[in-house]
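These notes concern the structure reproduced below.
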Amino acid sequence: MVLGSKVNEDGTLSERLKARLDKSLELYNKGYFSKVIVSGGFGKEGFEEAEVMRSYLIDKGVEENSIIVDNNGNNTFMTARFTADFLSNNDYASVIVVSQYFHLFRTQLTLRKLGIKKVQCASPRFYEIRDLFSVPREMIAVLKYLFV
């Protein structure tokens, strides 16, 4: 499961999103999973994040039928809900979450609350100055998600 992030105004991937997808490609190519869930919403830039993610993965050699698209993943909870439903409906027992390092705990927590007990995490080696804002923001979000 790859969580979405910004798509640039010209339709290209933001560096953060590209790093997430490249990490998922690395794991996919090593055989850690056979299906990739890409999740994201419709951004203010005018693109469906998940569709742009799907296209990128196909261009990099992932088979189209190996990609599951969630265009309603507007937030972590919605993405986790879609993923939990997909896993349950298709007899999958585990998932690997790919996102930024600071986002993994909340995503893992949410999936476990939704009944997915085997949740592993991976993050790209990508850091940017905005992480200084994202880390404290994430701490607040975790508190909120503890009570969802």
Side-chain angles (χ1 to χ4, degrees), residues 1-28 33-60 62 64-90 92-124 126-148:
M1 173 179 105
V2 186
L3 287 99
S5 191
K6 181 183 176 185
V7 173
N8 296 320
E9 291 180 10
D10 64 358
T12 60
L13 302 172
S14 65
E15 289 299 312
R16 180 180 287 221
L17 184 53
K18 182 180 180 305
R20 291 179 187 182
L21 290 168
D22 288 345
K23 184 65 177 181
S24 70
L25 277 168
E26 174 190 330
L27 297 171
Y28 175 83
F33 45 80
S34 60
K35 299 284 184 195
V36 181
I37 298 173
V38 292
S39 183
F42 187 79
K44 64 182 179 181
E45 295 80 15
F47 298 94
E48 293 281 0
E49 290 173 7
E51 293 296 338
V52 175
M53 295 164 73
R54 177 186 154 284
S55 294
Y56 181 80
L57 291 175
I58 290 171
D59 288 347
K60 296 292 182 178
V62 177
E64 192 168 353
N65 63 357
S66 295
I67 303 170
I68 293 79
V69 176
D70 171 19
N71 283 319
N72 295 312
N74 294 318
N75 60 45
T76 303
F77 184 81
M78 292 173 76
T79 296
R81 166 61 69 200
F82 175 91
T83 300
D85 289 346
F86 175 83
L87 295 174
S88 296
N89 293 334
N90 292 280
Y92 288 105
S94 64
V95 64
I96 298 175
V97 176
V98 179
S99 189
Q100 301 319 111
Y101 65 95
F102 53 79
H103 191 210
L104 295 174
F105 177 76
R106 177 166 50 119
T107 308
Q108 186 177 47
L109 171 74
T110 306
L111 284 163
R112 287 188 173 152
K113 282 186 159 196
L114 293 170
I116 307 303
K117 301 303 178 204
K118 293 182 180 178
V119 182
Q120 296 179 330
C121 300
S123 66
F126 178 83
Y127 309 96
E128 57 187 342
I129 196 73
R130 91 180 228 195
D131 290 357
L132 296 173
F133 165 77
S134 298
V135 171
R137 178 186 168 276
E138 191 64 23
M139 290 176 186
I140 294 166
V142 165
L143 292 175
K144 176 184 171 187
Y145 275 64
L146 281 171
F147 300 104
V148 170

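Residue indices begin at 1 and follow the sequence shown. Keep in mind that the numbers below use all heavy atoms, side chains included, and drop hydrogens, waters and symmetry copies.
Side-chain contact between Ser24 and Leu57 is present, with at least one heavy-atom pair separated by less than 4.5 Å. Using a 4.5 Å heavy-atom threshold, the side chains of Lys60 and Leu21 count as separate. Counting heavy atoms from C-beta outward, Glu51 and Asn71 have side chains that approach closer than 4.5 Å. Using a 4.5 Å heavy-atom cutoff, the side chains of Val38 and Tyr56 are not in contact. The side-chain heavy atoms of Arg112 and Val119, taken from C-beta on, include a pair separated by under 4.5 Å. Residues Leu3 and Thr107 are in side-chain contact: their nearest non-hydrogen atoms beyond the backbone lie under 4.5 Å apart. Residues Glu49 and Ser5 have side chains not in contact (no heavy-atom distance under 4.5 Å, counting atoms from C-beta outward).
Every residue two or more places apart in sequence or in another chain was checked for a ring-ring contact (aromatic ring centres under 6.0 Å, His included) with Phe105, and none qualifies. Not a single salt bridge (charged side-chain N to carboxylate O under 4.0 Å, His left out) links Glu45 to another residue, sequence neighbours left out.
Distance check: Leu109 CG to Leu104 CG gives 12.5 Å after rounding to the nearest 0.5 Å. Residue Ile67 holds its CD1 atom at 12.0 Å from CD1 of Ile37, rounded to the nearest 0.5 Å. We find the CE-CG distance between Met53 and Leu17 to be 5.0 Å, quoted to the nearest 0.5 Å. Rounded to the nearest 0.5 Å, atoms CG (Asn75) and CZ (Arg106) are 8.0 Å apart. Of the inter-residue distances, the one linking Ile68 atom CD1 with Met1 atom CE reads 13.0 Å to the nearest 0.5 angstrom. Annotation: the span from His103 atom NE2 to Cys121 atom SG amounts to 10.5 Å, rounded to 0.5 Å.
Checking side-chain atoms of Thr110 against main-chain N and O of Ala80 turns up no donor-acceptor pair under 3.5 Å. Listed for the Asn8 side chain is no donor-acceptor partner under 3.5 Å among the backbone atoms of Asp10.
Residues Leu87 and Ser94 share a closest heavy-atom pair of CD2-O, 3.7 Å. Across all non-hydrogen atoms, the minimal contact from Gly4 to Arg20 is O-NH1, 2.7 Å. Across all non-hydrogen atoms, the minimal contact from Ile116 to Ser88 is CD1-OG, 4.4 Å. When every heavy atom of Pro124 is checked against every heavy atom of Gln100, the shortest pair comes out as CG-OE1, 4.0 Å. Taking both residues in full, the closest heavy atoms of Val69 and Phe82 are given as O-CZ, 3.9 Å, listed atom of the first, atom of the second, then distance. When all heavy atoms of Ser123 and Ser99 are compared, the closest pair comes out as CB-O, 3.0 Å.
Ring geometry for Phe86 against Tyr92 counts as parallel: the plane angle stays under 30°, on a 0 to 90° scale with 60° as the upper cut.
Ion pair Glu15/Lys18 not flagged as a salt bridge, since none of the NZ, NE, NH1 or NH2 atoms sits closer than 4.0 Å to an Asp/Glu carboxylate oxygen.
When the shell of 6.0 Å around CD of Glu26 is examined, it contains more than 12 heavy atoms from other residues, nucleotides or ligands. Heavy atoms of other residues, nucleotides or ligands lying less than 6.0 angstrom from NZ of Lys117 number more than 12.
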